[in-house]
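Chain identifiers are assigned alphabetically (A, B, ...) following the order of the sequence lines, protein sequences preceding nucleic acid strands; residue numbering begins at 1 within each chain. Excluded from the calculations below are hydrogen atoms, water molecules and symmetry mates; all remaining heavy atoms, backbone and side chain alike, are included. Note that the structure is a prediction, hence the values are computed from the model and not measured.
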Amino acid sequence: MTQDPIGRVVATELKPSTPHQFYFWTARESAVGIGAIVRVSAGGRTVYGVVTDGSAYSDLSTPMMDVLGADGDPASPPAPSARSEIRLYLASVLRQEPAEPLQPVPIGPVHLATDQDVALALRMEGYTVGERATGIPVGVYAAGGLESPVSLDCDFLLGPEAAHLNISGVSGLATKTSAVEFLLTSIFQAFPAHKGSVAAVCFNVKGPDLCFLDQPAALGAADRSLYERMGLAAEPFGDVRYFAPFRPDGVNLNTLRTNEALAANTEPLVWGLREVLDFAEVVMNKDDVDAKADAFIDFLAERVVGREFYDPSLRGKAFQVQSFADLDEFFRAIFDFMEALGKGGEVWRTHHVATIRKVRNRLSNISTRSKGLVTDDGGVNDLPWGAFRDRSVQVIDVAGLDPLAQDLVFARVVSKLREHLERRDLGVDHVVVFVDELNKYAPVDGPDTYVRKMLLDLSERGRYLGLVLFSAQQFRSQVQRRVVGNAGTAVFGRMDMDELATPQYSTLSPATKIKLATLPKGELMLRHPHFTQPIFVRFPRPAVMTGREGVERFPPSAELPFADAVARQLRSLDRRVQADAVRRAVEGRREDDVRRALAATRRSRPDDPFAYFVSVLGRRVEAERVMSPRRGIPAVAAPEDPYGP
Amino acid sequence: MRCRKRLIATGMAPADGLPASLTLHDDDAVIRPARLLEDPTLRTHALGESVPFDEPVAFLDGTQRMELLGYAGTAPVALVEIRAAVRQRVRGLFTTAIRERQVYLLGRRSALAAFGEPVEGVEALELPEGPAHPFRDLAEIRRTADRVRGNLELSAADAFRRVNAGWLVIDGSLSGSPTLAEDSRAIGIVKGHTTLPFDGADLEQYLHLPPAHRSSFFEPTPGYRPVVAWALRLWPWEGRDLFHGLVRLEVAPANGTPERADAISRAIMAERLPVSGGPQWDRLLYGTHTVQQYLRAE
């Protein structure tokens with residue numbers, strides 16, 4: 001509070017002070033810049049503001065005077081005197097004390113904000129101190145040699161007051177992913193006990209971005225100092241589980257996290273018909289989802305799949321539809337029956353043959369395009385529904401999946417989270433769902449897909465359930481407005497100038513836009529309900545290994561031969577499993593049988609996985625030796641045959 | 001237009017209007033012959049490239065503001081605020097080293113008596129008695145204000161000199177002050193030319209001084225406080241006015257050598273930049289301009 005002022009408020013008729021903004025000038029060498037927080041104390045009123053624009057001009061009356069002075073030669077020697085120059089800044093008011101009556105900013109000295117000023121300016125004193133503090137460190141405000149921790153209010157980040165976070169920024173600067181990784185670290189360390197438990201579900205949609213959250217990063221002293229300043233430990237996540245679908249061979253995982261050293265917490269994501277059928281709508285376009293198709297899918301879900309279905313007109317024995325293969329057999333029986341009817345055979349149980357064919361095509365399309373995610377044999381390996389642990393991260397690697405399958409994964413996981421949170425039986429009270437490339441899932445234009453509707457619903461109602469969306473995209477303007485608009489906290493990394501020219505950014509000053517367009521790595525602009533103006537903060541590198549480092553340190557294994565891939569899967573359950581033994585066990589066996597045995601082993605998690613696997617695989621049935629047929633008795637020659645030789 | 005063409009054709013110097021330096025007090029315009037100190041006859045000396053001062057330099061100027069408060073009978077009473085300041089330039093940037101301010105209540109004795117006790121911080125100053133005429137009194141008030149302003153500037157110069165021995169550039173003549181007239185680190189810049197030092201052919205040579213040239217140095221008013229002076233052309237004048245960019249420099253006799261005159265002239269030539277702006281930009285040095293800005297803004 002005793003520091004010297006760095007400027008003075010000026011107010012003229014053309015540039016007056018108002019309750020929401022004021023002008024001040026500074027010395028040339030002042031540390032003030034765009035985004036700096038300042039304090040004005042005068043007349044019993046203290047005003048905190050953030051610098052949003054600046055200008056400078058000299059006492060030069062016209063440019064012509066400079067030309068005259070230089071004799072028209074730009075290279076003329078410099079003058080002995082520097083022209084008098086003003087550095088005039090515009091600051092937007094963050095807070096006034098007293099708040100009422102709200103008055104124009106008084107004329108007075110301007111000081112750079114101290115730690116305490118920053119806390120007051122951002123209203124952090126209301127949620128970062130006391131027994132029931134709810135502050136989540138998000139970075140440090142850095143200006144004039146000051147590094148003041150800035151915290152978000154978890155009541156407004158994870159609910160129930162407001163929720164969700166959206167981050168925008170150009171690709172390639174590692175800002176979006178890094179910021180979310182750091183913020184998750186901060187949430188896991190600072191989320192207060194009285195608010196309950198929290199976990200995260202992250203969708204890795206491209207490359208190795210989120211593939212090494214459990215591995216430590218080599219941080220420099222500057223980053224460690226930032227962690228220390230915020231009271232956080234620079235540690236990777238302690239409880240991370242990775243889920244990735246198989247490649248089409250059904251045994252090699254479709255992820256960059258295939259190095260054997262990472263196998264312990266990397267497991268397959270495998271779904272069956274039942275899991276998919278509930279979300280059939282995801283894979284159907286708007287034209288498909290008519291009342292007839294909907295009705296037939298409901299019929300399948302309620303009467304056929306997972307049940308015994310008997311229709312003597314189709315075949316003599318009941319259907320047991322558990323897998324896509326069973327379902328296809330069921331469809332074939334219907335078509336055979338209808339074809340046999342001939343004329344009048346267009347309808348089966350009130351469902352028209354065209355509707356049935358359409359539903360069959362779409363469903364079989366899923367199993368084709370999502371091979372590796374969806375099994376034909378009914379084996380399932382899923383997220384630990386009902387057993388989510390506090391401060392755990394589940395990463396679902398869908399980077400290698402077809403976009404349709406990505407939609408399916410996303411829709412089903414979020415829906416399941418919602419179901420469990422509604423029933424309060426997920427295992428945690430809050431879940432942060434991180435989705436990158438939000439413009440792909442919730443575009444501003446394009447078809448109104450199931451995923452987009454679901455994201456909208458999540459953004460509008462998720463906070464009451466503890467289901468929180470952390471989303472990221474390159475261009476905020478290309479995302480459905482209501483989805484990003486419902487994010488209580490908005491974060492901006494370096495932005496593209498074209499994007500900044502869109503109407504969504506019209507409230508930002510030109511100087512703030514320029515700062516955003518040139519923002520260095522590790523700096524962000526924040527909007528949060530407690531902050532009346534956007535604030536720039538610096539955050540440290542996440543304490544987890546980057547995707548690029550991770551791939552270099554843990555190079556993905558080459559796609560393994562079938563038997564070796566099975567051995568690796570079993571070894572992830574029990575390190576003692578020998579590859580040679582597995583090779584011998586699966587040699588000559590049908591791959592479908594092996595996959596089925598592997599799925600069963602994974603599902604059961606027995607004490608001795610290999611023994612269990614072998615037992616499920618069954619005894620080897622030696623091929624039956626077919627004896628060469630005994631020679632028959634030669635025909636008796638009939639010499640009296642008139643046609644004989 | 002035909003007249004202007006004729007004028008040029010006859011070899012006369014065309015002008016672009018009335019000289020900005022002309023204050024139209026034609027009764028003040030005089031020629032006081034000077035005594036040449038440098039050359040046998042008046043000459044011009046080319047200066048070559050300008051060379052800025054290589055050490056801190058300060059600029060002194062003053063301002064006055066008069067407000068006519070009213071009349072006691074027919075005698076005017078005026079409030080005059082006088083300010084003076086010295087701003088020092090270090091590494092191109094100016095800071096205020098000295099500032100002085102005085103406020104006077106001016107009027108005839110009878111008028112001041114009618115006003116009563118002057119308010120705090122205001123000093124009463126009587127005008128000399130004479131025939132009562134409001135216009136005459138107002139002119140006397142202006143003259144008195146000029147005088148007290150000069151005194152305040154000298155006071156500021158003394159104050160500066162007590163703490164700083166560096167170059168001091170003063171907007172005006174040095175000869176009014178015995179101290180400054182002998183100060184070898186003081187330079188007076190006289191922008192007005194109501195008093196000219198030569199007549200006839202010498203005057204023409206004096207007023208036709210080419211740019212970046214100085215005249216021979218001379219003693220402006222022999223018999224008065226001795227200083228050394230010369231004319232310096234800061235900007236080309238042809239096509240504009242005889243007085244455009246013309247200033248008279250005054251220094252202490254100790255600087256009265258050709259080498260010192262050249263060196264000081266080159267340094268003042270460098271002070272043309274940056275251009276100060278305003279109607280007197282051709283003669284007003286930027287350093288002096290910043291003092292005026294400061295005094296106006298204070």
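- The number of heavy atoms from other shown groups lying within 6.0 Å of CD (A:Glu228) does not exceed 12.
- Screening residues 75-108 of chain A for ring-ring contact (aromatic ring centres under 6.0 Å, His included), with sequence neighbours left out, gives A:Phe24-A:Tyr89.
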Between chain A and chain B, which N and O donor-acceptor pairs fall under 3.5 Å? A table would be great.
{"from": "A:Asp59", "atom 1": "OD1", "to": "B:Tyr286", "atom 2": "OH", "distance (Å)": "3.1"}
{"from": "A:Asp59", "atom 1": "OD2", "to": "B:Tyr286", "atom 2": "OH", "distance (Å)": "2.6"}
{"from": "A:Ser81", "atom 1": "OG", "to": "B:Arg89", "atom 2": "NH1", "distance (Å)": "2.6"}
{"from": "A:Ala82", "atom 1": "N", "to": "B:Gly92", "atom 2": "O", "distance (Å)": "2.7"}
{"from": "A:Arg83", "atom 1": "NH1", "to": "B:Val275", "atom 2": "O", "distance (Å)": "3.1"}
{"from": "A:Arg83", "atom 1": "NH2", "to": "B:Val275", "atom 2": "O", "distance (Å)": "2.6"}
{"from": "A:Ser84", "atom 1": "N", "to": "B:Tyr286", "atom 2": "OH", "distance (Å)": "2.5"}
{"from": "A:Ser84", "atom 1": "OG", "to": "B:Tyr286", "atom 2": "OH", "distance (Å)": "3.4"}

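- With a threshold of 4.5 angstrom between heavy atoms, B:Pro52 approaches chain A through side-chain atoms but not through N, CA, C or O.
- With sequence neighbours left out, A:Tyr23 forms a side-chain hydrogen bond (donor to acceptor under 3.5 Å, both in side chains) with no residue at all.
- In this structure, the portion of B:Phe94 lying under 4.5 Å from any heavy atom of chain A is its side chain and not its backbone.
- Under the rule for a side-chain hydrogen bond (donor to acceptor under 3.5 Å, both in side chains), A:Ser225 has no partner lying at least two apart in sequence or in another chain.
- Looking at every heavy atom in both residues, B:Val275 comes nearest to A:Gly69 through CG2-CA, 3.5 Å.
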